Amino acid sequence: MASTIRHLSTTTKKISISKAKSRLRSEHDPDKALAIFSSASSNDSSPPFVSRYAQDLTVRRLAKSHRFADIESLLESHKSNPQIKQEPFLSSLIRSYGVAGMFDQALKTYQEMDQLGTPRSFISFNSLLSACIQSKLYNKVPVLFNEISEKYRVLPDKVSFGMLVKAYCEDGKPEKAIEVLEGMEKKGVEVTTIVCTPVLNCLYSKGKNEEAERFLDWMVERGCELDAVVYNVKISNAVNQGAERVKELIEEMKNSGLKPDTISYNYLMTSYCMSGMMEEAKKVYEGLRVHGCKANAATFRTLVFNSCKSGEYEKGYKIFKDSVREHRIPDFNTLKYLAKGLVEKKKIKEAKGLIHTMKKKFPPNLLNAWRKLEENLGLHSTEEDKEVKEASA
DNA sequence: GTAGGGTTAG
């Protein structure tokens, strides 16, 4: 596997990082992603965040295929780069390990900073906390926060505290999160809208609506602006109160000078779907562009899933084709649901087209899953497959 | 998107 990296990096033509980034967006095959990333020239004039983003995407593609050894050799190879002495560069490695859910390697990289000659501040500390959260080790975050900040004499900033708050919320402990916020106030660390948002989300998702409303007041008292994300959290809580209520909140959002985004409209769609109003949900989808929004993978996932749920598999298939065109493909389980439904409805050509496309789009480790599904559904390869290939191309 | 942080799983 590691030989793949060497092979690809020596045989591909050099391209710019920004070009690599846009190609990576639509490339789900980890080997091809790796080839694109390796061929991206590092002395490119692109700003640093472009290459950081490209690295994250590559790591994400590899992680989806469980290619952890490849991720390690890719990231470890950067430790011999002279830039490793710069904290942001090293921090990007820690963050990428987090993206892959490889917390042990993230921690190891943090501990290696002395020998690599990289100074520590809250930047790398925050990357480490971020890696811990990305790896879903929520209950480890408070321990890490205390031990690391003490051992390496790092002074946590508002972002560090924000991650502590987020971790407590993910761990289902909003009261601990609120204690952190109160502690920040005492220490004179700014309490921002961003640090508060996970708490609000947590309270709503636990059904503690009154507490959530009181918490919102608390935020406003501290001068936190209620921004689009806060509104989206409020909207998420209103999804099961009917689409009318969601629309009200979207109006309220506009009236306070905020622009509803794709996530806001996705919630509206979900709300329609929950009431069985599929036509209305589809209208929201079709109207996204008018509102200056673009459908994302969650948009397609929601629509495909709910089309299937209401037995409208052909409509689901049409939306699936849109998602392929937009390079925003729903997850495997949603598409499996669609494939099964199409077969049940004897839409064999569509089902074969779906599987044919997915075999090309999904990483190789899922190929077996698709083959198995193909077998279970009795979709054996036949003469008419040539026709299907043309139809799905 | 500009070092590191918040919202979408039915």
Side-chain angles (χ1 to χ4, degrees), chain A residues 18 21 46-54 56-57 86-95 98 118-134 141 154 156-167 169-170 177 180-181 184 189-202 204-205 219 224-240 246 249 253 258 260-276 281 295-310 328 330-334 337:
Chain A
S18 12
K21 188 196 93 178
S46 313
F49 68 83
V50 173
S51 64
R52 213 178 314 124
Y53 183 83
D56 273 7
L57 270 177
Q86 291 167 23
E87 198 184 9
F89 184 86
L90 182 136
S91 301
S92 83
L93 302 185
I94 295 180
R95 268 190 61 256
T118 319
R120 286 191 182 86
S121 76
F122 49 79
I123 304 275
S124 49
F125 178 56
N126 292 346
S127 300
L128 184 65
L129 293 176
S130 158
C132 196
I133 288 178
Q134 294 255 37
V141 172
V154 178
D157 72 345
K158 61 180 175 185
V159 176
S160 327
F161 283 109
M163 282 187 280
L164 186 56
V165 167
K166 162 87 174 156
C169 291
E170 288 291 339
V180 175
L181 294 178
M184 287 173 74
V189 180
E190 188 192 4
V191 174
T192 64
T193 305
I194 294 178
V195 269
C196 293
T197 308
V199 179
L200 188 68
N201 189 43
C202 179
Y204 275 133
S205 60
M219 283 172 66
C224 293
E225 299 261 343
L226 304 189
D227 63 9
V229 178
V230 169
Y231 265 95
N232 282 344
V233 170
K234 283 180 79 168
I235 290 171
S236 74
N237 178 250
V239 158
N240 53 18
V246 173
L249 284 171
M253 200 171 167
L258 298 166
D261 59 13
T262 304
I263 296 177
S264 323
Y265 291 111
N266 283 352
Y267 283 129
L268 180 58
M269 271 179 24
T270 303
S271 185
Y272 277 126
C273 291
M274 281 170 74
S275 329
N296 61 20
T299 311
F300 291 115
R301 186 186 65 207
T302 304
L303 273 180
V304 170
F305 178 83
N306 285 287
S307 299
C308 292
K309 210 172 158 196
S310 57
R328 300 274 136 84
D331 61 302
F332 178 78
N333 281 328
T334 302
Y337 191 8

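In the text below, chain A, chain B and the rest are named by the order of the sequence lines, each starting its count at 1. What you see is a predicted model; the values in this text were computed from it and never measured.
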Notebook entry, point to check: NZ of A/K166 versus P of B/dG6: gap in Å, rounded?
Noted result: 6 Å
Notebook entry, point to check: B/dG10 base stacked by A/F305? Criteria: ring centres under 5.5 Å, plane angle under 30°.
Noted result: yes
Note to self: Could you check whether any side-chain heavy atom of A/F305 comes within less than 4.5 Å of a side-chain heavy atom of A/P330, counting everything from C-beta outward?
What the structure shows: no
Next item on the list: Please determine, for the side chain of A/R301, which listed nucleotide (B/dT8, B/dT7, B/dG5) has the closest atom?
Entry: B/dT8
Item checked: Pairwise P distance, B/dG1 and B/dG6 [rounded to whole Å] -> 14 Å
Note to self: Applying side-chain hydrogen bond (donor to acceptor under 3.5 Å, both in side chains) as the test, list every pair that has at least one member in residues 122-134 of chain A; sequence neighbours left out.
What the structure shows: A/E87-A/S124, A/N126-A/D157, A/N126-A/S160
Next item on the list: With the side chain of A/I123 defined as its heavy atoms from C-beta on, choose the nearest nucleotide among B/dG10, B/dA3, B/dT7.
Entry: B/dA3
Note to self: Any base atoms under 4.0 Å from A/T193, or only sugar-phosphate, or nothing? Heavy atoms, all strands.
What the structure shows: base
Checklist line | Whole-Å gap separating P (B/dT7) and CG (A/N266) | finding: 15 Å
Note to self: Contact between A/N306 and A/M269 at the side-chain level, heavy atoms closer than 4.5 Å - yes or no?
What the structure shows: no
Notebook entry, point to check: Base, sugar-phosphate, or nothing: which does A/V233 touch, judged by heavy atoms less than 4.0 Å apart?
Noted result: sugar-phosphate
Checklist line | Length of the CD-P vector between A/Q134 and B/dG5, whole Å | finding: 7 Å
Checklist line | Between P of B/dG6 and CE of A/M184, the distance in whole Å | finding: 14 Å
Item checked: Value in whole Å for how far the P atom of B/dG6 lies from CG of A/L129 -> 12 Å
Next item on the list: Report yes if the side chains of A/N237 and A/K234 come closer than 4.5 Å at any heavy-atom pair, otherwise no.
Entry: no
Item checked: Separation of A/D56 CG from A/Y53 OH (nearest 0.5 Å) -> 9.0 Å
Next item on the list: Name all residues meeting the salt bridge (charged side-chain N to carboxylate O under 4.0 Å, His left out) criterion together with A/E170; count only those two or more places apart in sequence or in a different chain, and write none if there are none.
Entry: A/K166
Check: What nucleotide among B/dG5, B/dA9, B/dT7 has an atom nearest to a side-chain atom of A/V229?
Finding: B/dT7
Checklist line | Closest to side chain of A/P198, choosing from B/dG6, B/dT8, B/dT7 | finding: B/dG6
Next item on the list: Would you kindly give the CD1-to-C1' distance between A/I263 and B/dT8, to the nearest whole Å?
Entry: 6 Å
Note to self: Side chain of A/E170 only, heavy atoms from C-beta on: which candidate in B/dT7, B/dT8, B/dG1 is closest?
What the structure shows: B/dT7
Next item on the list: Have a look at A/N333 and say if it touches a base, only the backbone sugar-phosphate, or nothing, with a 4.0 Å heavy-atom cut-off.
Entry: nothing
Margin query: By the 4.0 Å heavy-atom rule, please label A/S130 as base, sugar-phosphate, or nothing.
Written below: sugar-phosphate
Notebook entry, point to check: Considering only heavy atoms and no angle criterion, is a donor-acceptor pair shorter than 3.5 Å present between the side chain of A/T192 and the base of B/dG5?
Noted result: yes
Next item on the list: Scan A/F122 against the nucleic acid and name what it touches under 4.0 Å (heavy atoms): base, sugar-phosphate only, or nothing.
Entry: base
Margin query: Within the 4.0 Å heavy-atom criterion, would you say A/R95 contacts the bases, only the backbone, or no part of the nucleic acid?
Written below: sugar-phosphate
Check: Whole Å only: how far is the CG atom of A/L226 from the P atom of B/dT7?
Finding: 16 Å
Notebook entry, point to check: Is any N or O donor-acceptor pair between the side chain of A/D261 and the base of B/dT7 shorter than 3.5 Å?
Noted result: no
Next item on the list: Starting from C1' on B/dT8, measure out to CG on A/N240 and report it in whole angstrom.
Entry: 14 Å
Check: Any idea which of B/dG5, B/dG6, B/dT7 is nearest the A/D227 side chain?
Finding: B/dG6
Check: If you look at every strand shown and take non-hydrogen atoms under 4.0 Å, does A/V230 touch a base, only sugar-phosphate, or nothing?
Finding: base
